[in-house]
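Working notes for the structure below.
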Amino acid sequence: MPTIAIVGAGPQLGLAIARTFGTQGYDVALIARNRAKLEGLAAELATAGINAAAFPADALDRAALAQALKDSAAHFGGIDVLEYSPVGGFDSTVLTAPSATDPSHVQHELEFQLYGAIAATKAVLPAMREAGAGTLLYTTGAGSIDPVPAVANVNAAAAALRNWVVNLHKELDGTGVQAAHVGIDVSIGMSVVPGFPTAEPEEISPAYWELHTTKRDQAELVFSR
């Protein structure tokens, strides 16, 4: 069975992506910090006939993240798709405007978004290259493309990740391995900003399947209303 590893698996978009791939016959490796929550998601997926397992790791701990992905590959027999979309908690994420941003505000987000993505990629890409097949998908908010002053530090790190992913897509051209960035230009589930468009996770998750299957030549897909 092919396998998707979801880094940052949560009860909204991560779960929807798991369902989208799981219903197509994929096993699912769920990776995030909280074991109990991951096991709850795995149990929920099991009720839909989807084989999923929990591999707890913090995206900020790059060695632990790489090990979780190696454990996932050993458990399922390989990883065919990586989806990277960890979400920072309000206890760790400080939001700053451009003029109020200190280097430390950006550094934390770079550790979380860009450096974690690089670590995850290095854990799975060699096997994909050897197989001549695989998909690497990375998620940010659309502020990585059109920045918003209120979240300047988050946008700066997300833009760095987007740049790196698009460049990775170019590097991997012709290898059989797809790398793509997904920019989410909506609030997921409920609006946190009055008037900002919303979408349900189940409306967004098919975009990931498309980048894996019918849109492998695309380096980026922006989901918007």
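It should be emphasised that the depicted structure is a prediction, and the values quoted were computed from it without experimental measurement.
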Can any side-chain N or O of E203 pair as donor or acceptor with the backbone N or O of E200 at less than 3.5 Å? yes
Working to the nearest 0.5 Å, report the span between CZ of R225 and OG of S187. 11.5 Å
Just by modelled atom types, is the A142 backbone N or O under 3.5 Å from a matching donor or acceptor in the D185 side chain? no
Say whether, by atom type as modelled, one donor and one acceptor occur between the side chain of H169 and the main chain of A179 under 3.5 angstrom. yes
If only atom types and distance count, is the side chain of R162 paired as donor or acceptor with the main-chain N or O of A158 below 3.5 Å? no
Does the plane of the ring in Y26 sit parallel, tilted or perpendicular to the ring in W209? Use 30° and 60° as the thresholds. perpendicular
D27 side chain vs F76 backbone, donor-acceptor pair below 3.5 Å: no
side-chain contact (heavy atoms from CB on, under 4.5 Å), that's the test. Do H108 and V94 meet it? Break it down for me. CA-CA 9 Å; H108 177 270; V94 176; over 6 Å; no
When rounded to the nearest 0.5 angstrom, what distance separates CD1 in I4 from OH in Y208? 9.5 Å
Atom OG1 in T139, atom OH in Y84: separation rounded to 0.5 Å? 10.5 Å
Does I17 share a hydrophobic cluster with L69, counting links as ILVMFWY side-chain heavy atoms below 4.5 Å and allowing steps through other members? no
Would a distance-only check, ignoring hydrogens and angles, find a side-chain to backbone donor-acceptor pair under 3.5 Å from R19 to E202? no
Pair E171 + R129: basic N to acidic O under 4.0 Å: yes
Correct closest heavy-atom pair for L82 and M128 would be N-CE, 4.2 Å
